[in-house]
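Letters go in sequence order (proteins before strands), and every chain restarts at 1.
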Amino acid sequence: MKRQRYLPTPVLSLVLLVVWLLLVRSLAVGQLLLGTLLAVAIPLLTRGFWEPLPHIRRPLKLARFVLVVLWDIIVANLQVSRLILSFKRQAQPGFIEYPLEVKERLAITLLANTITMTPGTVSTSIRPDGESLLIHALDMHDEQALIHAIRERYERPLKEIFEC
Amino acid sequence: MATLVAPLLALALLLIQAPAVLAGDVVTLQLAWMPLLGLDLALRLDGLALLFALLILGIGTLILYYSGDYLSADEDDGRFLAYMMLFMASMLGIVVADNLLLLWLFWELTSIASFLLIGFWGSHSDARRGARMALTVTSAGGLALLAGFLLLGQAAGSFALGEVLAAGDAIRASDHYPLIVALVLVGAFTKSAQFPFHFWLPHAMAAPTPVSAYLHSATMVKAGVFLMARLNPALGDTALWSLCLTLTGLTTLLYGAWFALLERDLKGLLAFSTVSHLGLITLLLGLGSPLALAAATFHILNHATFKAALFLGAGIIDHETGTRDLDRLGALWSMMPLTGTLTLLAGAAMAGLPPFNGFLSKEMLLGESLETDVLGTLSVIIPLLVLLGATLSVAYSLRLMWRLFFAAPRRSREQKALPPMAVHDPAPGLLAPGLSLAALSLLVGLFPMALAAPLVQAASWAVQGEATLELHLTLWHGLNWPLAMSLLAIAGGVVALRQHRRLAQIAALFSPRDASRSFEAAVLRVIKASLWLTQRLETGSLQRYQALLILCALAMAGIGLVKLDTLTGAAGMQSLDAMLVLGAALTVFAAISSALSHRWRLVSILMLSVVGLMVSLAFVRFSAPDLALTQLSVEVVTMILMILALFFLPQRPPLLVSGRRILRDLVLATALGLVTAMLNYALLTRERPAIADYFLRESVPGGGGANVVNVILVDFRGFDTFGEITVLTLAGLATFGLLHGLKLFMPAGNVEGIRWSPQRYPLILAVISQLLLPLALLVSVNIFLRGHNQPGGGFVAGLITATALILQYMARGHAWTRTRLPISYPIVAVSGLAVALATGLGSWLFGYPFLTSAFGHFHLPLIGDIELATAMLFDLGVFLAVVGATLMILVNLGRVTTIHRPSLEEP
Amino acid sequence: MSQHLIALPIVLPMLAALVLVLLAGRIPDRHQRLLSVAFTALLVLVNLALLSRASGGEVAFYALGNWQAPFGIVLMLDRLSALMLTLTSVLAVGCVLFACAGDDTRGSYFHALFQLQLMGLDGAFLTGDIFNLFVFFEILLLASYALLMHGGGKARIGAGLHYVVLNMTGSALFLVALGVLYGATGTLNMADMARRVASLSSDQTALVTAGGLLLIVVFSLKAALLPLYFWLPHAYAAAPAPVAALFAIMTKVGLYAILRMQTLVFAGSPAAPAIDTWLWWSGLATLALAAVGVLAARDLRTLIAYLVLISVGTLLAGTALQSPAANAALLYYLPHTTLICGALFLIAELIGRQRGKAGTHLVRGRRLYQRFLLGGLFLVAAIAVAGLPPMAGALGKLMLLQAVEGSARLWFWPLLLLAGLCTLVALSRAGSVFFWASYRGEVATGRVSRTQLSGVLWLLASAPLLVLFGGPMSAFTLATAQQLAQPQAVIAELLGDAAAAQASQFHEIPGEAP
Amino acid sequence: MTFFVIIEGVLAFLLVAGGIFAFNGSLGMLRLEDFYMRLHGPTKGTTLGIGCVLLASMLYFTVTQREFHVQELLITLFLFLTAPVTGHMLAKTGLHMHVRFSPRSRGSLPEFHDEDVGQGRVARPARARHPWRTRKARRSRLRQGETS
Amino acid sequence: MLDTALWICLTLIVLAMALNVYRLAAGPDVPDRLLALDTLYVNSIALIVLLGLRLNTKIYFEAALLIAMLGFVGTMAICRYLLRGDIIE
Amino acid sequence: MEALFSLVVGVLTASGVYLLLRARTFPVIIGLSLLSYAVNLFLFSSGGLRTNAAPVIGASLAPTDPLPHALVLTAIVIGFAMTAFVVILAVRARSELGSDHVDGQHGEEEGPR
Ligand code: NA
Ligand code: NA
């Protein structure tokens with residue numbers, strides 16, 4: 001209860017502390033203290049804006065997920081570059097409706113963002129009911145394969161990370 | 001009757017001084033007032049002043065006594081008497097002033113007082129017209145007089161009357177002499193109703209009769225005459241002066257007399273006769289011989305007495321019968337014998353019949369007219385014309401008496417004669433003043449040496465400027481030419497009266513009020529022309545005003561540029577690189593696009609924002625990190641602001657402009673652009689002397705910060721920043737007023753005509769803004785704290801915080817955010833100002849000027865050195881003010897727009 | 001404490017504004033008003049103290065932040081600034097009293113905005129730094145925008161839009177001028193700039209001329225000179241009465257700035273003759289056209305706005321004469337015309353309210369409820385503004401006329417005298433329509449409240465008082481003008497002998513001013 | 001020495017790659033045929049390009065100034081937070097505004113809902129002339145009614 | 001080598017910005033222009049960082065950070081404007 | 001470089017002025033913004049155009065004149081405040097005058113002027 005009151009979002013506080021140290025480029029005691037102070041104070045100040053978010057249950061999975069996404073971003077770029085630079089091949093664009101399994105706001109957001117950042121896809125719209133995601137693909141040959149790939153590569157890990 | 005105390009007291013004072021003055025002394029009083037101006041509170045009592053002062057106070061007392069009974073009970077007695085007293089005082093001021101400027105002040109004061117008196121019955125349109133006309137004419141004259149006085153004073157070397165009068169030779173020799181004479185005479189003639197400025201006087205008869213009696217017999221109109229007499233020693237004795245006065249006087253004499261003869265309105269007749277008599281006096285002043293001057297002063301006295309009496313009599317008749325129309329009146333003798341006596345006595349004086357005072361002065365005029373040679377060989381016509389005037393004067397005086405008291409009233413078709421029964425002599429209060437004045441006319445005529453000669457003699461000394469003349473006034477001069485002419489005039493007058501109807505037919509050929517009509521028409525034309533001109537100038541078109549402003553700037557900057565020897569200065573140019581060229585090209589392209597696409601508003605905004613970005617990059621490129629930060633953060637907020645507003649402005653307005661207009665604007669714009677560029681280039685290629693080194697050197701030791709820009713902002717020139725956050729807060733407060741009670745036009749769809757999306761708060765945006773808020777706040781704190789030594793500071797930090805909060809409003813809506821942030825933004829902004837102000841005032845406690853900063857390094861265990869500066873406190877004030885003001889502006893606008901959103905669109 | 005007095009005219013209204021905003025909604029209107037009036041009255045006292053200090057003839061400087069000129073910003077108190085400060089606060093008392101009768105609650109934050117307006121005005125009059133002048137101009141402009149549109153309404157917003165946009169363009173030009181001047185002289189302090197301008201090469205003087213002339217364009221916009229005054233009649237006629245009354249000082253800020261530039265910064269420089277030529281012809285033309293406008297006006301407020309323009313034209317043409325006598329005359333005339341135009345706006349409002357629908361239009365209307373009271377007030381104000389005795393206008397006009405020498409008279413005298421005549425004709429027409437030509441019958445109510453009356457009387461009292469104390473007052477303005485004619489004294493007093501020492505550290509400064 | 005050569009090589013590689021990626025993203029925006037396809041360029045290419053440049057910057061300053069310079073990570077963090085949101089919202093806006101797409105597009109066209117593509121038109125004012133290009137023939141729109 | 005690489009990278013980024021501006025001007029639709037503007041902002045981050053590299057200073061770093069953090073807010077505002085009209089509701 | 005810089009300032013000024021002369025409030029606002037960019041650059045350049053000379057002690061060897069930076073910063077902030085005010089005024093004017101013409105409906109009626 002007490003922790004809840006003074007440190008409502010420990011992960012956020014940690015992130016803030018790290019960001020602070022990055023900003024000041026120093027590990028001096030003074031900066032550490034100031035950073036800690038801010039890391040505690042800012043979440044407290046903005047508590048009202050902080051709608052309850054799911055806790056990260058599997059930090060390791062998260063790390064792995066991040067790495068996968070980073071890799072995919074590089075791959076995505078190479079693919080897109082090829083497509084843009086090549087004069088011969090014509091892309092085969094298309095829209096798909098992706099039924100969502102995750103229901104949590106942050107998870108949906110992360111998934112949508114991931115989809116946008118990674119191979120050949122951009123999330124274009126989330127249905128207001130949160131049931132599905134409309135995705136535009138730059139070069140789509142098989143709808144089902146794409147849905148499957150997204151499901152396996154991104155949605156499942158996210159679901160596991162947040163256990164929802 | 002308490003009002004009589006003041007004039008009587010003054011009269012008493014005057015009489016105490018009288019013996020000395022009559023003996024030829026000049027009594028003066030001097031008080032310094034505005035030495036810079038040459039204006040002193042200086043008074044002078046000589047013979048002329050005494051004569052006039054006696055008239056003003058004596059007749060004034062009688063008339064005040066009269067008006068106590070004259071005004072009906074429901075009228076505002078007090079106000080009337082106040083105006084009268086004001087008038088009396090200012091008139092007295094004119095005659096006793098010993099300083100030209102002081103005289104002018106009183107002169108103008110009489111115009112104002114007379115305006116109020118003439119317009120006393122302002123609900124009648126003729127009273128209003130008459131008052132305005134009198135004011136306009138006499139004030140115009142007054143202004144000319146002022147100019148004349150200023151030149152006169154300069155020519156004489158002083159405004160003190162004594163010195164001016166003594167400097168006659170210098171004045172007459174000065175280059176400005178003709179101009180001075182012209183200006184002074186315009187002043188005098190307008191006041192004295194001399195031709196061609198006479199036309200206001202008959203209209204002024206709309207005033208209550210006591211006013212007419214006072215103003216138009218003894219005082220106001222005499223002011224002009226007084227002035228001519230007063231300045232005679234300084235300005236007179238030249239051909240120009242004599243000619244002007246003689247001709248004007250003659251013309252006025254005849255003109256007034258002629259129209260007096262034809263006038264139907266009782267007071268109108270008296271008014272024209274006044275005009276005529278004033279002409280007579282002017283003529284006498286123009287003749288200029290010692291005796292003529294004495295005659296002038298004598299006639300001033302005589303005219304004042306009999307004319308005041310006549311006006312008072314006319315007032316009684318008007319009061320009793322309710323009309324002043326000579327055609328409706330008649331046969332009043334039997335009903336009003338005392339009034340009749342009054343009028344007959346005074347009328348006889350006016351006609352110049354013996355043994356009344358009018359006869360004496362007229363004889364003198366006739367005599368002097370025979371002597372004069374002002375017109376050279378043409379001087380012969382003067383006595384003839386004077387004789388004609390005297391004849392007419394007899395005629396209209398007889399007509400007045402005859403028609404009122406002895407002839408039967410005439411009935412014209414639309415008018416009825418008055419029922420004679422109701423009319424009788426009034427109460428003694430009304431009769432006594434008039435009767436005593438009429439009696440005085442007779443007595444002066446009978447005993448001129450005893451009653452008038454000393455006074456007239458003293459006055460004429462003042463007019464001549466030397467006390468040489470010994471005056472002998474007698475009723476009987478023996479048989480001589482003047483007497484013959486008088487008899488001729490009387491006979492002629494009787495004939496003219498008999499032939500009145502025929503004369504009237506001739507007169508009908510020219511309307512007597514031509515001058516006044518054309519004056520009014522002229523005023524009207526002037527006003528219409530003014531309106532036309534004003535409307536042409538002030539079209540109410542902002543575009544025009546802007547074009548004028550730009551044109552001015554263009555011309556002015558151009559003048560400076562023209563004076564430049566070479567455009568390129570000695571410092572020369574730095575080299576270019578490709579990036580700069582491309583950046584410049586993009587900026588230029590974006591700016592021009594933004595201008596050209598102004599009707600495609602969203603695109604215009606986007607292009608504008610490109611320009612903003614490029615400007616920020618330019619700041620980076622040219623070593624101004626603080627400016628880049630500021631520009632970038634302002635950019636974001638401005639964009640939000642513009643988009644907020646765009647929603648309520650027409651998306652695509654119709655085209656309403658001609659090609660010529662566009663061409664004109666393009667030319668103007670290009671020209672100013674060119675001039676600005678040239679100025680900028682000229683500056684950039686020249687050496688710059690600057691005080692920069694001081695800031696760079698003092699920043700760390702004196703201001704305690706390494707970021708010199710920030711130290712300048714919060715310390716060296718903290719006062720600018722203080723003003724700047726005041727402006728910002730002020731903008732916030734000001735927009736409150738604009739948004740108060742705002743009614744808006746809500747478009748039903750966006751630019752493309754598509755209906756609004758039903759989804760209010762997109763999920764992803766909401767989540768991301770939530771994540772971003774703490775990070776942004778952290779960055780904001782960082783930027784704030786480092787500001788003193790690194791790029792950053794309270795302003796940028798404040799904008800970051802504000803933007804992060806605005807993002808919450810955008811993502812989650814007003815209501816949601818408001819409940820989580822229940823702060824009053826005006827209070828935040830004002831607290832910021834308060835913090836800054838308190839920091840500034842704090843230095844007073846230590847005896848330093850406002851906003852003096854202090855800083856120190858403190859060593860704390862574990863943490864090490866930290867620097868604390870009051871400048872940071874000041875910067876905190878800046879931060880708060882920025883956050884408060886920005887949110888106040890944006891959120892208020894956002895909130896207002898939401899309130900007016902139609903509810904039918906809610907999902 | 002007494003050395004800080006100079007900063008008080010800026011600090012005090014600021015403090016007042018802060019207190020008023022913080023207390024807005026927390027204390028009743030009555031207390032708000034009391035506070036606002038009290039602060040304004042206090043400001044009058046402060047300014048009077050400053051006036052008495054300045055009348056000694058010494059120029060006092062106040063180095064803000066304890067940074068000496070030319071590096072920091074200094075406030076500069078001489079006779080001129082003390083006069084302007086006192087005038088402003090005296091005018092403000094009348095306006096704020098009048099506003100307390102109800103005009104203040106028609107929008108938000110009236111009193112706070114009013115105080116900030118005063119702060120801006122005071123700052124503009126006090127500052128000795130040209131960029132700081134810009135900042136205070138912006139403060140007073142923004143406050144004036146808000147006050148002008150206080151209460152809203154079609155006419156106000158329409159006129160306000162023009163006023164705002166024109167002034168924003170003006171501010172942009174101001175900054176360009178500042179850029180040129182800083183670039184050419186390398187300083188912002190007025191005295192320092194004057195010193196440097198005097199020793200510039202002809203090449204750089206051309207740039208200074210360009211900058212100076214641009215600056216004068218900006219100030220002419222504020223002062224409302226001929227091609228730049230067309231916004232004024234609408235704006236002043238539309239403004240709420242107490243605001244319009246306060247605006248009587250706004251044009252004088254432009255005049256003040258011009259006077260300051262001409263007598264200090266550009267004194268003797270090649271820019272000065274060009275500026276004088278502009279001021280002379282433009283001022284005379286303004287005078288002439290404003291007189292025409294006075295005749296053309298069909299509404300009393302518009303008429304008064306043109307009267308303001310007449311005084312602008314008169315004053316600026318007088319400024320162009322550049323003689324101590326002329327400056328003394330116009331400084332005597334200035335307080336008078338400012339206060340009386342202010343009073344006239346207030347009186348017009350009172351008249352308009354009692355005439356119902358006819359308002360201040362020059363048409364016959366209902367009989368006024370307090371005909372004689374308002375008529376009397378109007379009469380006094382009209383006499384004063386027309387330059388007739390026994391009010392100060394007459395003396396001011398006399399001084400001005402006397403100050404003009406030689407061939408300049410040929411233009412100035414007839415124009416000034418005719419403008420006076422036009423004023424008289426127009427005001428007598430207005431007065432006779434309002435007070436004499438009314439319909440009999442139902443009388444409107446709208447009694448003049450005691451605070452309104454006290455506000456009007458406070459302003460009107462100046463007219464006889466300036467006559468009564470014409471001697472000392474004219475002596476003061478002459479002393480002011482003589483002080484203005486001695487810019488070297490100001491420079492020496494501020495930069496002193498130390499200036500020479502400092503200057504040697506700055507190799508950029510080509511030489512010392514003589 | 002070799003250490004610095006290698007570092008220099010890495011730096012050069014990162015810079016060139018970053019430049020190419022970023023340029024490529026913008027080139028894609030130029031070349032691809034409809035809005036939705038163009039969206040892919042910047043969201044990916046540019047973001048990665050910037051990432052490379054930032055990496056180069058971190059490396060460069062860390063090596064030259066001999067202390068950790070990892071602040072650039074913050075920019076990356078913010079970019080990775082905001083770029084996809086931008087992309088998403090732009091796509092959503094595009095759909096809402098009936099921005100046309102390539103006729104070769106495949107997929108769940110019938111799945112478009114009203115909330116995606118905006119509800120019909122309202123009466124609209126006369127359209128302003130495009131400022132610098134004469135408008136092409138009316139573009140085909142996404143409305144189902146129009147396509148079928 | 002580093003200088004050359006820096007030069008290449010800078011050139012590419014500036015060219016990319018030029019392309020963005022072209023797309024911004026050419027449209028054809030508002031979202032296209034918006035996308036172009038956003039990309040321009042992102043590219044300018046790279047430009048600032050590269051300038052810092054070239055001048056060997058980190059003094060302009062915060063400018064880049066600011067663009068990364070706040071640049072998208074404007075884009076969001078316009079998106080909201082096109083979607084809902086009212087951006088703060 | 002100086003010529004190029006001046007050219008940019010000139011073009012910004014010209015574009016701004018052209019928009020200032022338009023009849024609708026919105027372009028006038030854009031014009032004011034453009035003009036203030038131009039003016040800020042102008043004022044900024046009065047301290048000279050230097051590369052890598054940020055006026056931060058220790059960051060550069062020969063820092064540039066910092067004063068114009070501070071002035072421009074103040075000008076930017078004041079410009080922002082003024083823009084905010086005039087933007088809201090434009091909205092108010094549209095609501096009050098029934099048109100976004102700078103002269104209200106009065107200007108609308110008169111057509112091209
Ligand atoms: Na993707
Ligand atoms: Na809203």
Side-chain angles (χ1 to χ4, degrees), chain B residues 578-579 582-583 585-586 589-590 593 602-603 605-607 609-610 613 616-617 620-621 625 628-629 632-633 635-636 639-640 643-644 646-647 747 750-752 756-757 759-760 762 765 772 775-776 779 783 790-792 796 800 803 806-807 809-811 813-814 890-891 893-895 897-898 901, chain E residues 7 10-11 13-15 17-18 20-22 24-25 27 29-38 40-41 43-45 47-52 54-55 57-89:
Chain B
M579 265 198 351
L582 204 58
L586 290 186
F589 176 78
S593 305
L602 192 57
V603 177
I605 291 188
L606 296 181
M607 285 298 179
S609 132
V610 174
L613 181 66
S616 313
L617 292 177
V620 171
R621 177 67 173 72
L629 287 179
L632 283 169
S633 40
E635 210 49 52
V636 175
M639 161 87 91
I640 295 173
I643 298 293
L644 266 172
L646 188 57
F647 180 42
N750 71 7
V751 199
E752 303 284 335
W756 304 121
S757 161
Q759 209 180 353
R760 289 187 105 169
L765 182 58
L772 215 56
L775 289 173
V779 172
I783 296 266
Q790 294 287 314
V796 179
I800 293 174
T803 311
I806 289 295
L807 187 61
Y809 278 95
M810 275 166 46
H814 181 265
L890 292 182
V891 173
L893 181 58
R895 190 180 57 82
T897 59
T898 307
R901 206 185 164 95
Chain E
W7 187 84
L10 265 172
T11 313
I13 295 283
V14 174
L15 285 177
M17 290 173 77
N20 297 151
V21 173
Y22 170 77
L24 179 50
D29 292 294
V30 178
D32 276 299
R33 299 175 200 272
L34 205 45
L35 174 66
L37 181 64
D38 192 72
L40 188 67
Y41 263 87
N43 279 329
S44 61
I45 298 177
L47 193 67
I48 293 174
V49 172
L50 288 172
L51 200 71
R54 188 162 156 193
L55 303 175
T57 174
K58 295 205 83 172
I59 204 125
Y60 307 110
F61 171 78
E62 275 71 24
L65 182 69
L66 213 61
I67 298 179
M69 195 167 66
L70 300 182
F72 88 113
V73 178
T75 314
M76 288 301 100
I78 298 181
C79 283
R80 274 215 59 134
Y81 164 72
L82 293 169
L83 287 168
R84 286 285 299 168
D86 195 2
I87 64 176
I88 296 178
E89 50 180 336

Which bit of [X] comes within less than 4.5 Å of chain E, counting heavy atoms only: side chain, backbone, both or neither?
X      : value
B:A590 : neither
B:L629 : both
B:I783 : side chain
B:L772 : side chain
B:V620 : both
B:I643 : both

Practice item. Could you tell me which of E:M17, E:M69, E:E62 has the largest number of non-hydrogen atom pairs under 4.5 Å with chain B? Key: E:E62
Check your understanding: Looking at E:A36, E:S44, E:G74, which one has more heavy-atom pairs under 4.5 Å with chain B than the rest?
Key -> E:S44
Structural part of [X] lying under 4.5 Å from a heavy atom of chain B:
X     : result
E:L65 : side chain
E:F61 : neither
E:L47 : side chain
E:L66 : side chain
E:L40 : both
E:L51 : side chain

Practice item. Pick whichever of B:L617, B:V610, B:L613, B:L582 has the most heavy-atom pairs under 4.5 Å with chain E. Key: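 Among B:L617, B:V610, B:L613, B:L582, the one with the most close pairs to chain E is B:L613.
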Review point. Are the side chain of E:R80 and the backbone N or O of B:M810 linked by a donor-acceptor pair below 3.5 Å?
Key: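 The answer is yes, because a donor-acceptor pair under 3.5 Å joins these two groups.
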Review point. Taking all atoms of both residues into account, what is the closest heavy-atom pair of B:I640 and E:A77, and its distance?
Key: CG1-CB, 4.2 Å
From [atom1] ([X]) to [atom2] ([Y]), nearest 0.5 Å:
X      : Y      : atom1 : atom2 : result
E:R33  : B:M607 : CZ    : CE    : 7.0 Å
B:L765 : E:F72  : CG    : CZ    : 6.5 Å
B:F647 : E:I88  : CZ    : CD1   : 12.5 Å
E:I59  : B:Q790 : CD1   : CD    : 5.0 Å
B:R621 : E:Y60  : CZ    : OH    : 9.5 Å
E:I78  : B:S609 : CD1   : OG    : 7.0 Å

Point to revise | side-chain contact (heavy atoms from CB on, under 4.5 Å) between E:L70 and B:L632, worked out | key: CA-CA 9 Å; E:L70 300 182; B:L632 283 169; over 6 Å; no
Exercise for review: Decide yes or no for B:M639 and E:L37: does some side-chain heavy atom of the first lie under 4.5 Å from some side-chain heavy atom of the second?
Suggested key: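 Touching, per the 4.5 Å side-chain cut-off.
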